[in-house]
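We count residues from 1, following the sequence as given. The structure displayed is predicted, hence computed values, not measured ones.
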Amino acid sequence: MSPAPKIAIACQGGGSHAAFAAGVLSALLAPEYRDRYRVVALSGTSGGAMCAALVWSGLIRGGADEARRRLMEFWRDLEVHDILDAVANFWAVASARLPVSAEISPYLYGPVAEPRLRNLLSRHLDLESLPSEPHRRARPKLLIGATDIVRGLGVAFEGESLTYDELIASAAVPPLFRAVQAHGTLFWDGLFSRNPPVREFTELPERPDEIWVVQINPQQRKSEPRAMPEIIDRRNELSGNLALSQELYFITKINELIAEYPSLGARYKPINIRVVELEGDLDYPSKLDRSRPMIERLLIDGQERAAWFFDGRSLWPR
């Protein structure tokens with residue numbers, strides 16, 4: 001039997017829509033698929049960073065079952081559970097869909113998103129109980145995308161020294177969050193620069209045979225956006241995909257250069273790219289929706305789409 005291919009998985013961010021990535025990962029970790037590949041690295045940004053980090057921590061602790069349990073419990077805990085939370089969730093989504101809205105600086109009030117996310121991560125990721133030795137936290141490799149807004153750079157935090165601040169920085173999209181202070185600078189959501197980190201996979205000590213990308217923002221749309229909410233939606237989608245497109249181009253260009261100049265094979269190796277994408281007519285405000293029907297729908301969609309990684313439907317470029 002040929003050895004299972006070595007895989008690096010990259011999860012794009014997108015608020016509640018990242019539950020789709022959780023569904024994909026949950027299916028890949030199930031007995032049906034888990035023996036058909038070997039994970040050597042994970043990366044993610046924003047909601048995708050939460051998914052990648054939870055799977056990474058579970059694999060380090062006890063394997064696929066532990067990773068799957070932590071991942072699903074996090075998303076089920078994130079869902080709306082009581083009437084007050086349901087009212088807050090309704091108004092958050094409804095306000096985002098108003099034809100005219102006012103954006104208020106998060107420095108004029110006490111944002112509630114950060115402490116809620118920190119609490120969820122403390123319960124389900126529990127960094128304190130992970131092995132402290134860097135070499136034990138490097139298998140699989142973990143990369144978390146964020147944006148240094150002072151220096152204007154995209155960064156990738158590493159699992160060996162991961163902190164809650166770094167994970168929250170990856171999801172700190174204004175105005176829901178204030179900038180997160182870490183490493184002597186300030187960070188926003190990786191959406192603006194690393195969504196998610198991919199190019200570092202080419203430099204891993206154990207280089208992957210394939211990179212699997214879970215894409216949340218639609219690559220294509222069937223019609224022209226004309227209404228202002230539609231224009232804003234598409235603008236945000238294009239912005240969120242820009243960094244990913246550049247990093248996938250980087251990988252495909254290396255593959256082309258290796259084919260043209262075989263001597264490059266001493267340092268690099270060809271890496272296949274596969275992409276599965278969230279499809280549908282979800283608008284941008286629905287990224288704020290934590291209702292159970294929304295989260296469960298996305299989880300199921302992701303679980304069904306996971307099979308695409310094993311056939312031609314996921315091959316990239318299209």
Side-chain angles (χ1 to χ4, degrees), residues 3-13 18 21-22 24-25 28-29 33-34 36-64 66-68 70-71 121 125-127 129-146 153-171 182-183 187 190 193-215 243-244 247-248 250-251 254-255 267-275 309:
K6 293 175 288 188
I7 303 300
I9 303 177
C11 300
Q12 198 176 50
V24 171
L25 292 171
L28 292 176
L29 293 166
Y33 296 124
R34 68 174 62 158
R36 297 176 62 178
Y37 64 95
R38 181 164 65 87
V39 176
V40 297
L42 293 147
S43 74
T45 290
S46 194
M50 309 307 141
C51 294
L54 288 160
V55 169
W56 164 80
S57 69
L59 291 175
I60 289 174
R61 286 184 170 96
E66 178 70 10
R68 195 179 189 203
R70 288 180 178 270
L71 178 67
L121 291 171
L125 183 61
D126 188 17
L127 288 174
S129 67
L130 278 173
S132 58
E133 300 88 351
H135 72 277
R136 296 182 63 188
R137 294 170 62 139
R139 290 178 171 267
K141 182 72 175 181
L142 176 68
L143 299 167
I144 299 298
L153 299 172
V155 301
F157 299 123
E158 297 183 307
E160 290 91 324
S161 56
L162 186 67
T163 67
Y164 292 122
D165 284 342
E166 290 171 344
L167 261 177
I168 292 169
S170 180
H183 307 290
F187 293 95
S193 60
R194 306 298 309 276
N195 194 24
V198 173
R199 63 177 180 263
E200 286 85 354
F201 292 152
T202 65
E203 300 287 352
L204 293 176
E206 190 172 20
R207 291 173 189 166
D209 301 305
E210 295 190 350
I211 294 172
W212 293 358
V213 179
V214 184
Q215 185 170 352
L244 174 61
E247 301 213 20
L248 295 185
F250 176 83
I251 305 297
I254 288 180
N255 290 341
R267 178 172 181 183
Y268 296 105
K269 75 176 209 179
I271 300 176
N272 292 330
I273 298 173
R274 294 181 180 271
V275 179
F309 278 124

If you take all heavy atoms of [X] and [Y], which pair is closest and at what distance?
X	Y	answer
R70	L125	NH1-O, 3.9 Å
P197	A10	O-CB, 4.1 Å
A171	M50	CB-CE, 3.8 Å
A67	L29	CB-CD1, 3.9 Å
A18	G48	CB-N, 3.8 Å
A146	S193	O-OG, 3.5 Å

Rounded distance (nearest 0.5 Å) linking atom [atom1] of [X] with atom [atom2] of [Y]:
X	Y	atom1	atom2	result
E158	I144	CD	CD1	11.0 Å
L71	L25	CG	CG	6.0 Å
S57	L130	OG	CG	6.0 Å
L167	L142	CG	CG	7.5 Å
Y164	L127	OH	CG	4.0 Å
L42	L143	CG	CG	9.0 Å

Any side-chain heavy-atom pair of [X] and [Y] under 4.5 Å:
X	Y	answer
P208	I7	no
I9	L28	yes
L59	E66	no
V198	F250	no
I168	L121	yes
Y268	I251	no
L204	K141	yes

Decide side chain to side chain contact (heavy atoms under 4.5 Å, CB included) for V39 and V55; before the verdict, give the C-alpha distance in whole Å, the side-chain angles of both, and the deciding distance to 0.1 Å.
-> CA-CA 10 Å; V39 176; V55 169; over 6 Å; no
Side chain [X], main chain [Y], donor-acceptor under 3.5 Å:
X	Y	value
W56	R137	yes
R199	E247	no
N255	N272	no
N195	Q12	no

Hey, can you tell me if W212 and Y37 have their rings parallel, tilted or perpendicular (30° and 60° cut-offs)?
->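 The rings of W212 and Y37 sit tilted, inter-plane angle from 30° to 60°.
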Does atom CZ of R136 have more than 12 heavy-atom neighbours, drawn from other residues, nucleotides or ligands, at distances under 6.0 Å?
-> no
Could R139 and E206 be called an ion pair, given the rule that one side-chain N must be under 4.0 Å from one carboxylate O?
-> yes
Could you walk me through whether F157 and T163 pass the side chain to side chain contact (heavy atoms under 4.5 Å, CB included) check?
-> CA-CA 9 Å; F157 299 123; T163 67; over 6 Å; no
Partner residues of P134 under the side-chain contact (heavy atoms from CB on, under 4.5 Å) criterion, sequence neighbours left out | E160
Are R61 and D126 close enough, and set up right, to give a side chain to side chain contact (heavy atoms under 4.5 Å, CB included), and what steps lead you there?
-> CA-CA 11 Å; R61 286 184 170 96; D126 188 17; 3.8 Å; yes
Between S43 and R194, does any side-chain donor sit less than 3.5 Å from a side-chain acceptor?
-> no
